[in-house]
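Basis for what follows: all heavy atoms, side chains included, without hydrogens, waters or symmetry-related copies.
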Amino acid sequence: MDVPAAASGAVLANMSDVAQTDFIYCCGAITELLRCGPKHLNSEHKLLVLIIPGNPGVVGFYRTFLLTLWSVFGHHHPVWAVSHAGHCVPPASMDMVQDASSTGARDVFGLDGQIDHKLAFLKKNVPKDTKLVLVGHSIGCYIILEILKRDPSLQVVKAVMLFPTIERMALTPQGKAMTPLLCHLRYMTYLPIFLLSLLPEVLKRSLVNLVLGGLRCRDQSIVQATVGLLSGDCAANAVYMGGQEMRKVLERENLTIEKNLEKLLFYYGATDPWCPVQYYQEMKADFPAGDFRLCERGFRHAFVLDAGRQVAEMVAGWMKADVRT
């Protein structure tokens, strides 16, 4: 399943216009769907590969990752990435929410609301008999475990968990640093977010290029995604969700993992500040029959910044028995 780097790069260049973007309302909140393949599934589509992002849940960050999966699988199966509710800039014809009072009551931008959001998205857009391969990143892995727990009727044949933040987030090195900001000083972050949102697009782009300039192999597709994140509301919703992650992602969901162990694959970072190697070692000890892997290639937690293609090729190799082409 491996694809040479040069060949893969050429394929991605030719496929750059294949990924389509759709904006929909789900649970009353703006949602971005990035997809290769049809928007509407029917009986011909036996399997869907669905990417559930980390936080921020901006699907533009996963464009190269998605395109690579679509290419390696020979364009046989739809590959989608669904944003978190409110983690995208609405088009001019749409607002962030359909009904502010209804959306607020459901707390759709909170962590539990985002889980309900994914369940509602699947119910509305994916036929019941469609088999699912779920690919989660970071908090997306926690959301996948909750999906499996809350709706065991879903036809999930494989769930790949990349750099999983599924337990004790506030106790991790990065969690200890971010918890005060996300939980206790959250409103203080809104002022710089608001000020950044006022900058002209050209200045936002220049600022993003400056901040990301240190990445040697930067993925160019992440620039526009980051610019969109600086719109204001998107970043504020990501901060709000992040604060809830620190408070709610506590003990590991062992029962759900045990019930679904055969279909789960966990990939841990060797130097991941959001998920220490200790968590990987404890998982292996608690579930000796499970598929737990430790990164040997130096990928960072935010792999989409510079290694989306490489990680996708690796993931595709793992899934080849489940996604037959």
Has the side chain of [X] got a donor or acceptor atom that lies under 3.5 Å from a matching backbone atom of [Y]?
X	Y	value
Trp80	Leu66	no
His84	Pro53	yes
Gln224	Ile222	no
Ser71	Thr68	no
Gln244	Leu111	yes
Thr31	Ala29	yes
Gln114	Ala85	yes
Ser138	Thr165	no

**OP:** Show your reasoning for whether side chain to side chain contact (heavy atoms under 4.5 Å, CB included) applies to Val223 and Asn209.
**Re:** CA-CA 7 Å; Val223 174; Asn209 280 313; 3.8 Å; yes

Original post:
Is it the case that one hydrophobic cluster holds both Leu191 and Leu198, taking links as side-chain heavy atoms less than 4.5 Å apart, direct or via other members?
Top reply: yes

Original post:
Is there a path from Val89 to Phe109 through hydrophobic residues (I, L, V, M, F, W, Y) whose side chains come within less than 4.5 Å of each other?
Top reply: no

Specify the closest pair of heavy atoms between [X] and [Y], including all atoms of both residues, with the distance to one decimal.
X	Y	result
Pro38	His45	CG-NE2, 3.3 Å
Val72	Glu313	CG2-CG, 4.5 Å
Thr64	Gly308	CG2-C, 4.3 Å
Gly175	Thr179	O-OG1, 2.6 Å
Cys36	Leu67	SG-CD2, 3.7 Å
Asn260	Thr256	ND2-O, 2.8 Å

With a 4.5 Å limit on heavy-atom distance, are the side chains of [X] and [Y] in contact?
X	Y	answer
Ile166	Met283	yes
Val133	His77	no
Ile115	His117	no
Trp318	Lys158	no
Met169	Met178	no
Met241	Ile139	yes
Tyr240	Asp107	yes

Original post:
Testing Leu229, Ile30, Val239, Ile193 for side chain to side chain contact (heavy atoms under 4.5 Å, CB included) with Cys234, which one passes?
Top reply: Leu229

Original post:
Is there a side chain to side chain contact (heavy atoms under 4.5 Å, CB included) between Leu145 and Ile257 once you walk through the steps?
Top reply: CA-CA 7 Å; Leu145 289 179; Ile257 293 171; 4.1 Å; yes

**OP:** Take Lys118 and Leu50, measure what side chain to side chain contact (heavy atoms under 4.5 Å, CB included) needs, and give me the verdict at the end.
**Re:** CA-CA 11 Å; Lys118 304 307 174 294; Leu50 180 65; over 6 Å; no

Original post:
Applying side-chain hydrogen bond (donor to acceptor under 3.5 Å, both in side chains), which residue pairs with at least one partner in residues 51-62 are found, sequence neighbours left out?
Top reply: Asn55-Glu245, Tyr62-His137

Original post:
Heavy-atom count around Lys176 NZ within 6.0 Å, excluding the residue itself: above 12?
Top reply: no

Original post:
Counting only heavy atoms not in Phe194, do more than 12 fall under 6.0 Å of its CZ?
Top reply: no

Among pairs that include at least one residue of [range], which meet salt bridge (charged side-chain N to carboxylate O under 4.0 Å, His left out), considering only residues two or more places apart or in two chains?
range	result
residues 255-276	none
residues 284-304	Arg252-Asp286, Asp291-Arg293, Arg300-Asp306
residues 66-91	none

Subject >> All salt bridge (Lys or Arg N to Asp or Glu O under 4.0 Å) counterparts of Lys131, not counting sequence neighbours >> reply: none

Original post:
In chain order, what residues pass the salt bridge (Lys or Arg N to Asp or Glu O under 4.0 Å) check against Arg35, with sequence neighbours excluded?
Top reply: Asp22

Subject >> ring pair (Phe, Tyr, Trp, His ring centres under 6.0 Å), paired with Tyr268, selected from Phe163, Tyr280, Tyr279 >> reply: Tyr280

Original post:
Can Leu132 and Val126 be said to form a side chain to side chain contact (heavy atoms under 4.5 Å, CB included), step by step?
Top reply: CA-CA 9 Å; Leu132 289 167; Val126 181; 4.1 Å; yes

[X] with [Y]: basic N within carboxylate O range, under 4.0 Å:
X	Y	answer
Asp151	Lys123	no
Glu282	Arg168	yes
Glu201	Arg205	no
Arg106	Asp99	no

